[in-house]
Amino acid sequence: MPLRLYNTLSRRVEPFRPADPGRVTFYSCGPTVYDDAHVGNFRSFLAADLLRRFIQSPMCELENDARPASERAAGRRVVHVMNITDVGHMTDDAEGGENGEDRMAVAGRRLEEAKKAGKLPPGASIDPRDPYAIAEFYAQRFLQDARTLGLGVAIDAQADPTLMPRPTKMIPQMLEMIAKLIDKGHAYVAGKSGQRAVYFRVQSFPPYGTLSGNTLDQLRAGAGGRVSDENQSGKEHPADFLLWKEDRSHIMKWPSPYGEGYPGWHIECSVMAANRLAGADGTIDLHSGGEDNIFPHHECEVAQSCSASGSPVFARVWFHARHLFINGQKMSKSKGNFYTIRDLLEKGHQAGAIRLALINTHYRTNADFTEQGVRDAQRMIDRWRKVADAAPADAADASPLPDMPVLRDVAACLSEDLNIAGSLGAINTFVSGIGTPTPADARAMRAIDRVLGVLSLERAATSTTDIGVFIDGLSPDPGVIAKLHERAAAKKAKDFARSDAIRGELSAMGLAIKDIAGGKVEVSRIK
RNA sequence: GGCCGCGUGCCAGAGUGGUCUAAUGGGGCGGAUUGCAAAUCCGUUUACCGUCGGUUCGAAUCCGACCGCGGCCUCCA
């Protein structure tokens, strides 16, 4: 059953037909690194990661894949690129990125306050006034979180950094594309020297609006009251958008033929996709992002990329994940109702469970994220792990997949626009039907996990003493160990009142205990 | 106003014309085990699928209307 995907561009679920079925090109809009990424950001990155892993898997069939079976059995190459936006851009992008304050400047102030309050994370010694340092600081934290959650592109980028490009390193290529757009009449310079701006001429690109379902008329109407006259005055059409802004006072600026300044928000992605991925015809197979990117960001990318390349197509398939809710509420920074990955790890949740909780709702529905959801996910993982661990991971994992119903079922579900819940049902039915797992069961489980990517993630550190097994990254505290010994003695003397009291004391400290084999006690965080 | 999506048990969430008195996970309940817990294992509980109408031999699944909820429409993944 070949893979079908919902394509925002056609608004339909349709067979996925890459230009080269043996090598799929995939661009994902990544984070802007002015703060730590939260679970909502990661939901969309992980949705893209699930898709990428499935396409890579030998379980995934493509309608136009004519490669010989032997080649298909080895899986498929996906060249996946995700940008890390290290240009700040404006807090007030409502007017096309010309007003407000640069996000990096805001982040710098926040860091400076944290520094004064002595709250800067350990090991961080950055200059809050240096926007490049701020961006790099958060970029590194993002990469760390991304790898913790098994984001394939972040793992691959360790060997090939070009897979995660930074706009600040691609300014010349952006200027090149801007010059090309001006040459072809798709862009123009407005304003007088000192405050020049280069705008994309939307009327030069008739399909503008196709992706988002907007029309220029509606946009013109929608612009009413929201766009100041000052910024509009230089534009030929209210929907024209910024490619370059001359601004010598900006905290990140580069020389250009249009004056010293900074690039527009949308040009970065067009350039990075063209540069690292696009074929000679200027097309890529897949492009992903959050639903909020559809308009204006991706609409503008299409306009720029197609106008520059001359191709009617930029990305064949547009893949957009919907937003995540937190405990039933829309996430917002002002409410503060969001978690970072670090928050969750700190609370004792494991990376695999966080990942599963974030991918286990279909990417096109507004999922609700709760800690209970993470706990649910953990229980599934624990059960799966028993199957996967039944045989050692070995070379046999690379041999062709066994023909097992569970693999067919999982593949069939994922092939239908990534029906993850259906796959989980198939996996759980499979797992609960197993008495003693065989090596073939284990291999199947691991093959599935190469797509889901949860079992392979590192578990929080475990440290063991003569009496305690400390999980969830807890370190063996002498006071706790003493209590465990005391409890063991009390139990031996059948002084259960005392042993229960000690459990109560530990519980008050936020620790849960559990008697396990060998007279040891497992100590975990109460979640 | 424009565009898009959703409404299934206590919760999450599959199922897209017949095998659906509807998968799976969680919760609850009962049991095994345990000094007690926790964990684990076994069993079990609960939905005529928003409302009304239509198409059909047959609909949760298709069509229409209505009610309710949500998303995007130049900050945000």
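In the text below, chain A, chain B and the rest are named by the order of the sequence lines, each starting its count at 1. Worth knowing before you read on, the calculation uses all heavy atoms, side chains too, and leaves out hydrogens, waters and symmetry mates.
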Write out a two-atom table: protein N or O, nucleotide N or O from nucleotides 9-15 of chain B, distance below 3.5 Å.
from, atom 1, to, atom 2, distance (Å)
rA14(B), O3', N419(A), ND2, 2.9
rG15(B), OP1, N419(A), ND2, 2.7

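Spacing of P atoms, rG58(B) relative to rG18(B), comes out at 14 Å, to the nearest Å. Going from the P atom of rU21(B) to that of rU16(B) covers 15 Å, rounded to whole Å. Atom P of rU51(B) sits at a distance of 15 Å from the matching atom of rC67(B), rounded to the whole Å. When the C1' atom is compared between rA47(B) and rA60(B), the two are found 11 Å apart, to the nearest whole Å. A gap of 23 Å separates the C1' atoms of rG13(B) and rA77(B), to the nearest Å. Using atom C1' as the reference point in both rU44(B) and rC49(B), the two lie 23 Å apart (nearest Å). Between rU45(B) and rC10(B), the two C1' atoms lie 11 Å apart (nearest whole Å). Distance check on atom C1': rG25(B) versus rU46(B) gives 15 Å, rounded to whole Å.
Looking at N83(A), L143(A), V81(A) one by one, the single match for side chain to side chain contact (heavy atoms under 4.5 Å, CB included) with M164(A) turns out to be L143(A). Screening Y208(A), F200(A), W265(A), F205(A) against C300(A) for a side chain to side chain contact (heavy atoms under 4.5 Å, CB included) leaves a single residue, Y208(A).
Comparing rC76(B), rG71(B), rG25(B) by their closest approach to the side chain of N41(A) singles out rC76(B).
Taking the six-membered ring for Trp, F16(A) and F319(A) have ring centres at least 6.0 Å apart.
Nearest-nucleotide positions on RNA chain B for P296(A) and N293(A) put P296(A) closer to the 5' end. Residue whose closest nucleotide on RNA chain B sits further toward the 5' end, between T429(A) and D292(A): T429(A).
Q304(A) and S270(A) get closest at one heavy-atom pair: OE1-OG, 2.8 Å. Contact record, F45(A) with M82(A): CD2-CE, 3.4 Å, taken as the closest heavy-atom pair.
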- request: Walk me through it: do N41(A) and F338(A) pass the test side-chain contact (heavy atoms from CB on, under 4.5 Å)?
  value: CA-CA 10 Å; N41(A) 298 314; F338(A) 58 89; over 6 Å; no
query: Where do K520(A) and T465(A) land on the side-chain contact (heavy atoms from CB on, under 4.5 Å) test, with the steps shown first?
result: CA-CA 9 Å; K520(A) 288 189 194 291; T465(A) 71; over 6 Å; no
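Between D49(A) and R53(A) there is a salt bridge, since at least one side-chain N of the basic residue sits less than 4.0 Å from a carboxylate O of the acidic one. Salt-bridge formation is detected for the pair R503(A)/D500(A): a Lys NZ or Arg NE/NH1/NH2 atom is positioned less than 4.0 Å from an Asp or Glu carboxylate oxygen. Using a 4.0 Å cut-off between charged nitrogen and carboxylate oxygen, K483(A) and D477(A) do not count as a salt-bridge pair. In this structure, R4(A) does not pair ionically with D417(A), as no charged nitrogen and carboxylate oxygen lie closer than 4.0 Å.
If you take OH of Y363(A) and C1' of rC6(B), they are 15 Å apart, rounded to a whole angstrom. One interatomic measurement links the two molecules: CZ of R322(A) to C1' of rC6(B), which rounds to 8 Å at whole-angstrom precision. Atom CG in L424(A) sits roughly 8 Å away from atom C1' in rU24(B) (whole-Å rounding).
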- request: Classify every nucleotide of nucleotides 30-45 of chain B by which part a protein heavy atom approaches to under 4.0 Å, writing B for the base, S for the sugar-phosphate alone and - for neither, in 5'-to-3' order.
  value: -----BBBBSS-----
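Here R364(A) lies out of heavy-atom contact (under 4.0 Å) with every strand. Q372(A) comes within 4.0 angstrom of the backbone, heavy atoms only, and of no base. Here G40(A) lies in heavy-atom contact (under 4.0 Å) with a base.
Counting only Watson-Crick and G-U wobble pairs whose two key distances fall under 3.5 Å, RNA chain B forms stems of three or more stacked pairs at B:1-7 with B:67-73, B:10-12 with B:24-26, B:28-32 with B:40-44, B:50-54 with B:62-66.
Relative to the six-membered ring of F369(A), R43(A) misses at least one condition, a distance below 6.0 Å or an angle of at most 45° to the axis.
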